[in-house]
2 protein chains.
Amino acid sequence: MSSVKEVAARANVSVATVSRVLNHDPSVKAVNRQKVMRAIEELQYKPNVLAKNLRKQSSNTIAMVMPTIANPFYAGIVRGAQEAIRNSGYHMILGTTGWQADTYENMLSTSQVDGIIILSSWANKKVIQKLNENYPVVMCNEYFDDIHITYVAIDNRKAGYDAACELIRRGCRNIVYITGSKKSSSVGDRLTGYKEALSEAGIDFRPELIVKPHQGNGEDGQLVGILNELVDQGIAIDGLLTHSDLMAAFVLKGIRDKAIRLAEEVGMISFDGTFLTEISNPGVTAIVQPAYELGFSSVKLLLQKIQNKEINTSGRHILDHQLVVRET
Amino acid sequence: MSSVKEVAARANVSVATVSRVLNHDPSVKAVNRQKVMRAIEELQYKPNVLAKNLRKQSSNTIAMVMPTIANPFYAGIVRGAQEAIRNSGYHMILGTTGWQADTYENMLSTSQVDGIIILSSWANKKVIQKLNENYPVVMCNEYFDDIHITYVAIDNRKAGYDAACELIRRGCRNIVYITGSKKSSSVGDRLTGYKEALSEAGIDFRPELIVKPHQGNGEDGQLVGILNELVDQGIAIDGLLTHSDLMAAFVLKGIRDKAIRLAEEVGMISFDGTFLTEISNPGVTAIVQPAYELGFSSVKLLLQKIQNKEINTSGRHILDHQLVVRET
DNA sequence: CTGAAAGCGCTTACAG
DNA sequence: CTGAAAGCGCTTACAG
């Protein structure tokens, strides 16, 4: 690979001039600009991003961090994020499972990335708080109300309320909520909404109806055991709320396989509303989250923070969700 | 952030010694090693990866490039890849849609990544060939038999043959194959297998039964129109092969919505066999690809190429697929 | 066993 | 308008 030095030699100018041309500095005389451009062309010169970033102490790159790519909800968010970053002069990398918090701390501190977007509950509060104190950070789809941070999400309390109300309206009384990590604020808020709906309808809240898979989304048939246990305890489950579309899909499969001994007529509502709820048979009623817009807004907000050198600022950006009634 | 310089100052040694400690050079005296370690600890020093990579002209990082993350098949591959890279001393970044071929060329030439794994038909043959001539490259799940390249994949000809045979065995005669990009070798090979099975069974090959969505996996109901058109032409479709699980899911949805006017009894086999074929109702019969192993092997092969400084070598690594019969 | 120095490939005050 | 020089934070022959 050729470097600025070789380009400079070929164009008979200094490396400073080459660099200026590269960075569209208007002060370069047209003649010299031409010479440099020709040399770049002839040598097929491509700037070394590593060197550039090291020198500038910034990379024009952001990272989007997610717990796993195996959830279609994230795919929608990523699509929106990619659209928002297009033509912004920034790049986005996807932080994958397996990278640790200190990886990001490191990437930020060494200017490999200029800011990060954190999807869902990828790390604990303390870690995120520390990152947010020192670097531009935006949370997407998850948040912590008790720390100063910028986030984009739906109103999860209202979403939980809306979902529960719909089931109650249909006559459900024993509504099981298959939920996620307790540390997650979206889990907590949806639960609050669920309780409010119950209370409004004069139904007692029963903590035993709140369950969660030991890990993940219940891929390996975990949900079967959990639900059957409730049935064994004599609970006549007539409504089901699932924290993710994947969970809903696995529950449906369990019912279909007759592995879960639920009644035929169980009202089910899933959160996220990805294409999984559409292709399911029966189609799953869902609280549809605006995945694309969540991703889009997160990026726009992060770029704004980066450009304004904002750190440790906060802001709540709430997007609308939608109840889409299908067959369950 | 502190640098080697500050660590050196605090430890009363030279930066060279600090660097040696950082790189586990055994020649450093124990006393000095201790002093440096303490200084690192006290200053919370973290090496600057950018500087290190620039100097060493290598990054211990590989990229896995995929057309989109919105396909669960890739999630399985990524999982295997992550497992293979764990404890190897290398990192993996995910190349997302929207990055262009020259992005990778650039990352490779400037040592941001030491090698790449290309999933599916993300770029055209010429581009990949050029990359492969200059850098360590492994193709996964897609390949080009007419260029020198290392790849990991299933035997797609046999997969197409196995799938078609199964449908023919069931009595299907008008088997529509919803396929993918013509440039893709997996598409071509599966088609070859399909034709072989037909020929063996004495069934004429009819090109009009080979169709494909204009783009993607038929998300937006494209497949409905395509299939209905065939029905309108008087073709009594009694078998269906789909190039991806997503396609199968959308076809099922179309049938269920009565948007596609297919007979009730259509044998359907999908390629990939992700969890989508399991949760579908009816469950979709599938040629299951070993996603995890594909990812795992790809990484192992790439790391081997990088460590041996192999470039422009070739190798075929064929993993077994499996026909899993479900309800379709 | 250790340090001074060169250099990876850039950018950017500074001086002219 | 341009160039020489310093420097981003590392590593590594080389000399001692």
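These numbers come from the heavy atoms of this one structure, side chains and all, not from hydrogens, waters or symmetry mates. A, B, ... follow the sequence lines: proteins, then strands. Residue 1 opens every chain.
Within the 4.5 Å cutoff, no side-chain heavy atoms of A:Ile62 are placed close to those of A:Val113. Counting heavy atoms from C-beta outward, B:Val78 and B:Met64 have side chains that approach closer than 4.5 Å.
The nearest whole Å value for the distance from the CG atom in A:Asp25 to the P atom in C:dC10 is 17 Å. Between the P atom of D:dC10 and the CD atom of A:Gln112 lies a distance of 12 Å, rounded to the nearest Å. Spacing between atom CG of B:Leu22 and atom C1' of D:dG9 amounts to 11 Å, rounded to whole angstrom units. Atom-to-atom, CG of A:Leu54 to P of C:dC8 comes out at 14 Å; the value is rounded to the nearest Å. As rounded to whole Å, 18 Å separates atom P of C:dG9 from atom NZ of B:Lys52. In this structure, CG of A:Asn53 is placed 18 Å from P of C:dC8, rounded to the nearest angstrom. In this structure, B:Asn60 places its CG atom 15 Å from C1' of D:dC10, rounding to the nearest Å.
A donor atom on one side chain and an acceptor atom on the other are found under 3.5 Å apart for A:Ser59 and A:Asp114. No hydrogens or angles considered: nothing links the side chains of A:Ser244 and A:Asp272 as a donor-acceptor pair under 3.5 Å. Side chain to side chain, B:Ser27 and B:Asp25 meet the donor-acceptor criterion of an N or O pair below 3.5 Å.
Applying the ring-ring contact (aromatic ring centres under 6.0 Å, His included) test to every pair with at least one member in residues 128-148 of chain B, sequence neighbours left out, gives these pairs: B:Tyr143-B:Tyr151.
Partners of B:Ser19 under the side-chain hydrogen bond (donor to acceptor under 3.5 Å, both in side chains) rule, at least two apart in sequence or in another chain, are B:Asn23. Contacts of A:Ser186 classified as side-chain hydrogen bond (donor to acceptor under 3.5 Å, both in side chains), with partners at least two apart in sequence or in another chain: A:Glu142, A:Ser184. For B:Lys29, the side-chain contact (heavy atoms from CB on, under 4.5 Å) partners at least two apart in sequence or on another chain are B:Asn32. Looking at residues two or more places apart in sequence or on another chain, you find a side-chain contact (heavy atoms from CB on, under 4.5 Å) between B:His317 and B:Thr150, B:Val152, B:Leu301. With sequence neighbours excluded, the residues that form a side-chain hydrogen bond (donor to acceptor under 3.5 Å, both in side chains) with B:Tyr74 are B:Ser120.
The stretch residues 35-50 of chain A does not touch DNA chain D, since none of its heavy atoms comes less than 4.0 Å from the strand. For the segment residues 2-10 of chain B, no residue has any heavy atom less than 4.0 angstrom from an atom of DNA chain C.
Remark: DNA chain C forms stems of 3 or more consecutive Watson-Crick or G-U wobble pairs, all pair distances under 3.5 Å, at C:1-3 with D:14-16, C:5-12 with D:5-12, C:14-16 with D:1-3.
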List the atom pairs, donor and acceptor, that lie under 3.5 Å between side-chain atoms in residues 44-51 of chain B and the rest of the protein, sequence neighbours left out.
from    : atom 1 : to      : atom 2 : distance (Å)
B:Asn48 : OD1    : B:Leu50 : N      : 2.9
B:Asn48 : OD1    : B:Ala51 : N      : 3.0

Throw together a table of side-chain donor-acceptor distances under 3.5 angstrom for residues 6-13 of chain A, partners on residues two or more places apart or in other chains.
from    : atom 1 : to      : atom 2 : distance (Å)
A:Glu6  : OE2    : A:Ser3  : N      : 3.3
A:Arg10 : NE     : A:Glu42 : OE1    : 2.5
A:Arg10 : NH2    : A:Glu42 : OE1    : 3.1

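Ranking C:dT11, C:dG9, D:dA4 by closeness to the A:Ser14 side chain, first place goes to D:dA4.
With P as the reference atom, D:dG9 and D:dA13 are 23 Å apart, rounded to whole Å. Nucleotides D:dT12 and D:dG16 place their C1' atoms 16 Å apart, quoted to the nearest Å.
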Please report the C-alpha distance between B:Asn312 and B:Glu133 in whole Å, then the side-chain angles of each, then the deciding distance to 0.1 Å, and finally whether the side-chain hydrogen bond (donor to acceptor under 3.5 Å, both in side chains) criterion is met. CA-CA 5 Å; B:Asn312 209 9; B:Glu133 278 167 11; 5.2 Å; no

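One finds a side-chain N or O of A:Gln57 lying less than 4.0 angstrom from the OP1 or OP2 phosphate oxygen of D:dG9.
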What are the atom names and distances for every N/O pair under 3.5 Å that joins the protein to nucleotides 12-15 of chain D?
from   : atom 1 : to      : atom 2 : distance (Å)
D:dT12 : O4'    : B:Arg55 : NH2    : 3.2
D:dA13 : N6     : B:Arg20 : NH2    : 3.2

